[in-house]
Amino acid sequence: MQLNEDLVAGRRAAMKILANSDASSIERGLVAADCDARFVDLRAPEVGLVMLRGRIGGNGAPFNVGEATVTRAAVQLASGEQGHAYVLGRDTKKARLAALCDALWQAKASRDSIERHVLAPLRAALELRLQQGRERTAATKVDFFTLVRGEDEQ
Amino acid sequence: MYVAVKGGERAIENAHALLADVRRGDRSLPELTLDQIEQQLALAVDRVMSEGSLYDRELAALAIKQARGDLIEAIFLLRAYRTTLPRFGVSEPIETGAMRIRRRISAAFKDLPGGQVLGPTFDYTHRLLDHDLAEGGGVPPAPTAPAETVTFCSVADLLARSGGLIEEEVPLDQEVGDLTREPLSFPADRDLRLQNLARGDEGFLLALAYSTQRGYGRNHPFAGEIRYGEVEIESFAEEVGFAVPLGSISVTECQSINQFTGSTTHAPRFTRGYGLAFGQSERKAMSMALVDRALRAREFGEETGAPAQDEEFVLSHSDNVQATGFVEHLKLPHYVDFQSELGLLRKLRAEFFARKDSIEDEQGMQDAAE
Amino acid sequence: MIEAALVIDNQATFRALMDCMARPGEIKTLGCADAPPPLMAGTAAIMRGLADYETPVWLDGTLANPAVAEWIRFQTGAPVVTDPQRAAFALVGSGAVLPDFAAFSPGSQDYPDRSATLIVQVERFSGAMFSLTGPGIRSEGTLAAEPVPEDFAERCAANHALFPRGVDVVLVAGDRVAALPRTVRVTRKG
């Protein structure tokens, strides 16, 4: 299956934002986007597991750390596009909304609207949350200062 | 004689009702919510997720509530729950180098790039009970400072890059062992050992790690780096055709720098131990790294024989769900076993006393004869 | 928390196949409503019940079309592979073009379970008649299937000789299935 690299990169970026947002904010965005969102479930949301892997030493051979709950869903738009979602947790509503956004993002008619009304606000909220986390963490960074030591004096 | 006994259903039912009642406790007090447990007992949630081997904060909080705060019972509940779910696949290996850092310290280098970032830690607290906390009340928001968005490679990588001062990990993409699918057999490869330790009991690993420091398998550890923060998870889905981002989780990673080795073929260099645990589980990750390194003793041709270096001993006893199952099963009815032991004991005692009596009788007769 | 009906169907499939493997030659019926042609209902039900992300699936020339591959990927999460040696399940569209068993993994002496299972579609369970003996069969059993290659019994005998290694074969005609595990001795009848 030959996949267009830009298309994959765009879908992955959108999926990352959706996966890191909650169902109600995705839903708010979809209401604002107001696009033709008629769809059928290809796969009603299902809860399952994904085995999470780490790497020995952080960059060596992979090993299994433990599992995480994951919910997946797949939908198809009236216009034919298929959308998929795999998101951490057990929120079935979020999985279906994320799959719907993936489908609408692939449909040329609705992509801009999804970018503007769904993804842009989610991205901004996410970035704000991350920035706050970074700033709170940065305040705990140690500033070392060296006391003048006798043997260094001229 | 074997007597089959049945019964106790009502007692069991009522015991469970009583359990539910005492779990709720004094009804005039507000009931604990899962959000409260998740937020305010976050490190208990982290431990239950790590050893329950299932990342789901809400389920871990529920397990803690249901288990009345008995964390091993909560871990058991989470392990049982995971068996009811299908597995969709495996994730791409977590990139801890791209972690959104919440804490990062090194006890080996003062001036590591990115600096020493303490994050939310108990270190440097005075371990004095805070009676203000008992009162409750407002907590001011944490201070902030300007922040950069860069990520930093690990201390171990820095050492490896500066002329091979430490052993390098080889990112071989070999088949990954999974002890939830195949039972552990010995000798176990390092991937399986680490999976076992990641699920292992924190107390058990802590004690083993401590034993290596006290001389039972000494390997001179330095906390090369400890980092805690968020990492993105991705998993390849066949029907989608690419690695799908699933969201992010928190993990703690510990890279220990240990005793160096050298040989005629390679220059002396530091060795490493590795620990990785869900959430903020620093003691667990550190203990894991120390025990991981101890279990590599044979690989480095070191003297073995200490408990922490005994792979079969460590890996067979690290799982607290297995351990509690076997220890606690002793309280289940063993009436028939015990009756047979009792019967045997009575027989042995009867033989003992009969022998004693006959010796005494003989003695008595001899005395009388003399 | 998969749709309840699907779980029940998959459990029924698993049970039926287990019985088929335990009693070689016995015919059971499986159901799967949405099999993409030329995948038969029985083949699709087996895929749904047994295949997952850890079981690579190989499709022969008659089945290797995008609709079938996509259905397998979506319904089971199994990777569709082109190297038959990697296959945990090998799907053969018609017994008439059954590939040599040696094309597939027979497992190893230490891990005979790492062998391939061949799902072979046939038109009907009648015609060429075979006699079956071995574990799970009281004295002698029979199974008829067509189309199968002229030397089908010889191929099965060669496979049986590898024991404990060897492939397992499941024959499918529509929604009816029968199994010929590596333990069975197959001889042509008449």
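Naming convention: chains lettered A, B, ... in sequence-line order (proteins, then strands); numbering from 1 in each chain. Because the structure is predicted, anything quoted here is derived from the model rather than measured.
Only one option out of A:Thr71, A:Val87, A:Leu88 pairs with B:Leu246 in a side-chain contact (heavy atoms from CB on, under 4.5 Å); it is A:Leu88.
Nearest heavy atom pair, residue A:Gly54 against residue B:Leu276, reads CA-CD2, 4.1 Å. Between A:Gly66 and B:Ser53, the shortest heavy-atom contact is CA-OG, 3.3 Å. Listed here is the closest heavy atom pair of A:Leu52 and B:Tyr55: CD1-CB, 4.5 Å. The two residues A:Gly58 and B:Thr96 have their closest heavy-atom pair at CA-OG1, 3.8 Å. In plain terms, the two heavy atoms of B:Phe88 and A:Val70 that are nearest each other are CE1-O, 3.6 Å. Nearest heavy atom pair, residue A:Ala139 against residue B:Pro143, reads CB-O, 3.4 Å.
Residues A:Tyr86 and B:Phe236 have side chains not in contact (no heavy-atom distance under 4.5 Å, counting atoms from C-beta outward). Side-chain contact between A:Arg12 and B:Pro245 is present, with heavy atoms from C-beta onward closer than 4.5 Å. Side-chain contact check for B:Gln195 versus A:Met51: some heavy-atom pair is nearer than 4.5 Å. A:Val50 places none of its side-chain heavy atoms less than 4.5 Å from the side chain of B:Arg87. For the pair B:Gln116 and A:Lys141, the minimum side-chain heavy-atom distance is 4.5 Å or more.
Within the 4.5 angstrom heavy-atom criterion, atoms from both the backbone and the side chain of B:Ala142 approach chain A. With a 4.5 angstrom heavy-atom cutoff, B:Ser248 touches chain A via backbone and side-chain atoms both.
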Report the C-alpha distance between B:Leu54 and A:Leu49 in whole Å, list the side-chain angles of each, state the deciding distance to 0.1 Å, and finish with yes or no for side-chain contact (heavy atoms from CB on, under 4.5 Å). CA-CA 9 Å; B:Leu54 182 66; A:Leu49 302 169; 3.4 Å; yes
Derivation of the side-chain contact (heavy atoms from CB on, under 4.5 Å) call for B:Arg190 and A:Phe63: CA-CA 8 Å; B:Arg190 197 170 168 203; A:Phe63 72 99; over 6 Å; no
Assess the residue pair B:Val240 and A:Arg11 against the criterion (side-chain contact (heavy atoms from CB on, under 4.5 Å)); give the C-alpha distance rounded to whole Å, side-chain angles, the decisive distance to 0.1 Å, and a yes or no. CA-CA 11 Å; B:Val240 187; A:Arg11 282 179 69 193; 3.9 Å; yes
List the steps and the verdict of side-chain contact (heavy atoms from CB on, under 4.5 Å) for B:Glu232 and A:Lys16. CA-CA 9 Å; B:Glu232 293 287 337; A:Lys16 187 168 162 178; 3.6 Å; yes
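Crowding of B:Glu299 atom CD: a count of heavy atoms from other residues, nucleotides or ligands under 6.0 Å exceeding 12. More than 12 non-hydrogen atoms from other residues, nucleotides or ligands lie less than 6.0 angstrom from CZ of B:Arg100.
Top candidate by heavy-atom pairs under 4.5 Å with chain A, chosen from B:Leu179, B:Leu192, B:Val176, B:Asp292, is B:Val176. Interface remark: of the candidates A:Thr69, A:Ile17, A:Asp143, A:Thr69 forms the most heavy-atom pairs closer than 4.5 Å to chain B. Of all the listed residues (A:Gln132, A:Gln82, A:Arg136), the one sharing the greatest number of non-hydrogen pairs under 4.5 Å with chain B is A:Arg136. Considering only heavy-atom pairs separated by less than 4.5 Å from chain A, the leading option among B:Glu253, B:Glu234, B:Glu167 is B:Glu234. The most heavy-atom pairs under 4.5 Å with chain A, out of B:Gly115, B:Ala277, B:Ala243, come from B:Ala243. Ranking A:Met15, A:Glu67, A:Gln131 against chain B, the residue ahead of the rest is A:Glu67, based on heavy-atom pairs under 4.5 Å. Counting heavy-atom pairs closer than 4.5 Å to chain B, the top-ranked of the candidates A:Ile56, A:Asn20, A:Leu130 is A:Ile56. Of all the listed residues (B:Gly89, B:Ala198, B:Cys254, B:Gly177), the one sharing the greatest number of non-hydrogen pairs under 4.5 Å with chain A is B:Gly89. Of the residues considered (B:Asp157, B:Ile249, B:Thr121), B:Asp157 shows the highest number of contacts with chain A, using heavy-atom pairs under 4.5 Å.
Between A:Arg134 and B:Glu148, no side-chain nitrogen of the basic residue sits less than 4.0 Å from a carboxylate oxygen of the acidic one, so the salt-bridge criterion is not met. A salt bridge is absent between B:Glu169 and A:Arg55: the closest approach of a Lys/Arg side-chain nitrogen to an acidic carboxylate oxygen does not fall below 4.0 angstrom. Comment: B:Glu92 does not engage A:Arg53 in a salt bridge, judged by the lack of any side-chain N to carboxylate O separation of less than 4.0 angstrom. A salt bridge is defined here as a Lys NZ or Arg NE, NH1 or NH2 lying under 4.0 Å from an Asp or Glu carboxylate O, and A:Arg43 with B:Glu239 meets this definition.
Using a distance-only test at 3.5 Å, with no hydrogens or angles considered, no donor-acceptor pair links the side chain of B:Arg102 to the main chain of A:Thr137. Distance alone, capped at 3.5 Å, places no donor-acceptor pair between the B:Asp191 side chain and the A:Asn64 backbone.
Taking B:Tyr228 as the reference, nothing meets the ring-ring contact (aromatic ring centres under 6.0 Å, His included) condition, with sequence neighbours excluded.
Residue pairs that meet the salt bridge (Lys or Arg N to Asp or Glu O under 4.0 Å) test with at least one member in residues 26-39 of chain A, sequence neighbours left out, are A:Glu27-A:Lys93, A:Asp36-A:Arg38.
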